[in-house]
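A quick note: this is a predicted structure, and the numbers were derived from the prediction, not measured. These values consider heavy atoms only, across backbone and side chains, with no hydrogens, waters or symmetry-generated copies.
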Amino acid sequence: MAVYINSNTSYKDFQMLSSDKFFVDKSLIIDKVNERIHTKNRCLCITKPRRFGKTSVLNMLGAYYGKSYPSSAIFDRLKISHCKSYTVHLNQYNIINLNMNCLPDNGNSYSDYTALIKGTIEDDIEALYPELKRASFRSLPDLLTATKDEFIFFIDEWDYIFSHDLYRENHSDFLEFLRYLLKDRPYVALAYMTGVLPIKKYSTGSALNMFDEYTMLNDSLFDEYFGFTEEESAALCTRQSNLSLQEIAEWYNGYLADDGRKLYNPRSVILALINGKCRSYWTKTGKLDEVLFFLKYNIGDVRDDVIKMVNHIPVRLEILDEYTAGQKSPSNREEIYAAMIIYGLLSYHDGELRIPNKELMLEFQKALKDDDFGAVAKLVRNSDEVLNATLDQRADIVVAYLHDIHNSEIPILKYNDENSLACVVTLAYLSARNKYRIEREEKSGKGFADFIFYPRKSHLPGIILELKADGTPEEAIRQIRDKEYHEKLKKVSVEKIVIAGICYDRASKEHQCRIEIL
């Protein structure tokens, strides 16, 4: 167990981070945390998805508060230095760092796990306070109280044994262990805890009810410090010349702060800028294919929603309860989405559920190919065919493919509302997103084109699709030409443009398609 009192680990880690080319100054969170020291609200639990900068912020706080390593040379140049509270708490505290993801080398029981935590703290206390011997005290809290000192506790990955399903029969014991160590103790100046999962609420009198929690579903104070704002992302883009903010936004934007400000996935932004290439940096941590892992709990309940979200149609849903540490596997639609929000797989704001960005869209597209999605999986796996047929002007193949999708057993694809035809077309061309940036209902020329495909490679033609219910393909083609929907493709130097009119006759229940070169 990595347990350290007044270690230099946080200082050294933040020293390296703050000198990085793509460092973003998040130090103003310190001013907010300073307000909690020595108050009844001194216990904070901040839970965010992996890759959202929790450990970086924790190391910054450790470097700021720790008394063993003077850090004014770092912080004097950061935003926090302009706050009134800056010098009050700078390097004033003993720090106890607990990283809960380290397991004992000898022994694999819950008792071994907690014994290592307690034993290592006791070792460090005896080294710092030679006059105190652990044998003279009944418990670790008594030993810490006897120091007559104050400590700041930083607890990283507090939920490790929950997320990795360890010591399941001792989960309540673990919460009680933390409560006994931290609640109402005179030696606790501040307890700052991070993880992915919110604290499990066994009852209204939860063992850790002294913690104020800030989660992906409930955070109006700290959300901007865990993710890059649009302004921060734009500033980072000026430090290199390979990627534009528009490219970064397409791939990694999509989360929203409580006040509606855009938030970007920070780890992915940094990796893209370092590598000079936007791609999925979504790493598998803890669960293989995380999106599919959650959807498989009840694909029947969520299938239509996923089809909508893949089509960039938000799903309206009220999420009342969070997915918390130790909770049983999600079983219904609301529980599945609550878990996916907590893990950062979906964004949720003002009652609307969305796939955040292209990085996550790729994960959902991959999930849709799984056999558990039935007819959808078959259609998605074969969607290369309809793109190739469009480029080859094989309207008959496109019609046959759309017919198969519409005749599947999936209710949302039965053309029951205005979005249904667009959903069918989106599924039909799903694989095209690997080669094209696809925009729906985009202003171009003298109107709004239903779909414009912007090629990612210069050798590919652009594509414009116009959809009509109870119309003719010829009318759709004429509309594309008359309203000059090709205007934006021409502006980005696309020389060859394929245009297609796709229609559905509600009386005959037949599709028609016409494809031309503009």
In sequence, state the C-alpha distance, the side-chain angles, and the governing distance for Ser27 and Met60, and then conclude on side chain to side chain contact (heavy atoms under 4.5 Å, CB included). CA-CA 8 Å; Ser27 64; Met60 177 178 66; 4.0 Å; yes

Of all heavy-atom pairs between Asp25 and Lys79, which one has the smallest distance, and what is that distance? OD2-N, 2.8 Å

Assess, by modelled atom type and distance only, whether the side chains of Asp31 and Tyr86 contain a donor and an acceptor separated by less than 3.5 Å. no

Is Asn108 atom CG crowded by more than 12 heavy atoms from other residues, nucleotides or ligands, each under 6.0 Å away? no

Does the Lys NZ or Arg CZ of Arg51 fall within the cation-pi geometry relative to Trp282 - under 6.0 Å from the ring centre and within 45° of the axis? yes

Tell me whether Glu290 is salt-bridged to Lys296, with the criterion being a basic N under 4.0 Å from an acidic carboxylate O. no

Is any side-chain N of the basic residue among Glu224 and Arg261 closer than 4.0 Å to the acidic one's carboxylate O? yes

Nearest non-hydrogen partners of Gln15 and Ser18, listed with the distance: O-OG, 3.1 Å

Taking every heavy atom of Ala257 against every heavy atom of His349, the minimum-distance pair comes out as O-CE1, 3.4 Å

Testing the 3.5 Å rule here: is there a donor-acceptor pair between the side chains of Ser109 and Ser111? no

Aromatic ring centroids of Phe294 and Tyr343 under 6.0 Å? yes

Go through the side-chain N and O atoms of His89 and Tyr93 and say whether any donor and acceptor fall under 3.5 Å apart. yes

Indicate whether the side chain of Tyr129 and that of Asp149 have a donor and an acceptor atom separated by less than 3.5 Å. yes

Are a donor atom and an acceptor atom from the side chains of Ser139 and Asp142 found within less than 3.5 Å of each other? yes

Kindly write out the residues that satisfy ring-ring contact (aromatic ring centres under 6.0 Å, His included) with Tyr436, not counting sequence neighbours, or none if the list is empty. Phe453

Are a donor atom and an acceptor atom from the side chains of Asn209 and Lys183 found within less than 3.5 Å of each other? yes

Which pairs count as salt bridge (Lys or Arg N to Asp or Glu O under 4.0 Å) when at least one residue sits in residues 336-361, sequence neighbours excluded? Arg316-Glu352, Glu352-Arg354

Is it the case that Asn265 and Tyr281 place a side-chain donor and acceptor less than 3.5 Å from each other? no

With heavy-atom distances below 4.5 Å as the criterion, would you say the side chains of Asp212 and Cys45 are in contact? no

Do NZ/NE/NH1/NH2 and the carboxylate oxygens of Lys328 and Glu335 come within less than 4.0 Å? no

Charged N-O contact under 4.0 Å between Lys54 and Asp156: no

Less than 3.5 Å apart, any donor N or O on the side chain of Asn34 or Tyr65 sitting next to an acceptor on the other? yes

With a 4.5 Å heavy-atom cut-off, do Tyr225 and Tyr214 have their side chains touching? no

Is Asp219 paired with Lys48 through a side-chain N to carboxylate O contact shorter than 4.0 Å? yes

Counting heavy atoms not belonging to Arg239, are there more than 12 under 6.0 Å from its CZ? yes

Between Ser71 and Asn91, is there a side-chain donor-acceptor contact under 3.5 Å, judged purely by atom types and distance? yes

Give a yes or no on whether a salt bridge exists between Arg381 and Asp371, defined as a side-chain N under 4.0 angstrom from a carboxylate O. yes

Once ring-ring contact (aromatic ring centres under 6.0 Å, His included) is applied, do any residues pair with Phe137, and if so which ones, sequence neighbours excluded? none

Between Asn6 and Asn94, do the side chains contain a donor N or O and an acceptor N or O under 3.5 Å apart? yes

So with a 6.0 Å cut-off around CZ of Arg267, is the heavy-atom count from everything else above 12? no

Side-chain touch Leu236/Val24, heavy atoms, less than 4.5 angstrom: yes

Greater than 12 external heavy atoms within 6.0 Å of Lys12's NZ: no

In Å and rounded to the nearest 0.5 Å, what is the CE to CG distance from Met210 to Leu178? 7.0 Å

Just by modelled atom types, is the Tyr255 backbone N or O under 3.5 Å from a matching donor or acceptor in the Ser347 side chain? no

Checking side-chain polar atoms at under 3.5 Å, does Asp258 have a donor or acceptor matched by the opposite partner on Ser220? no

Check Glu176 with Arg179, please: is the shortest side-chain N to carboxylate O separation under 4.0 Å? yes

Let me see the working for Leu345 and Tyr337 under side chain to side chain contact (heavy atoms under 4.5 Å, CB included), right down to the final yes or no. CA-CA 9 Å; Leu345 304 174; Tyr337 292 149; over 6 Å; no

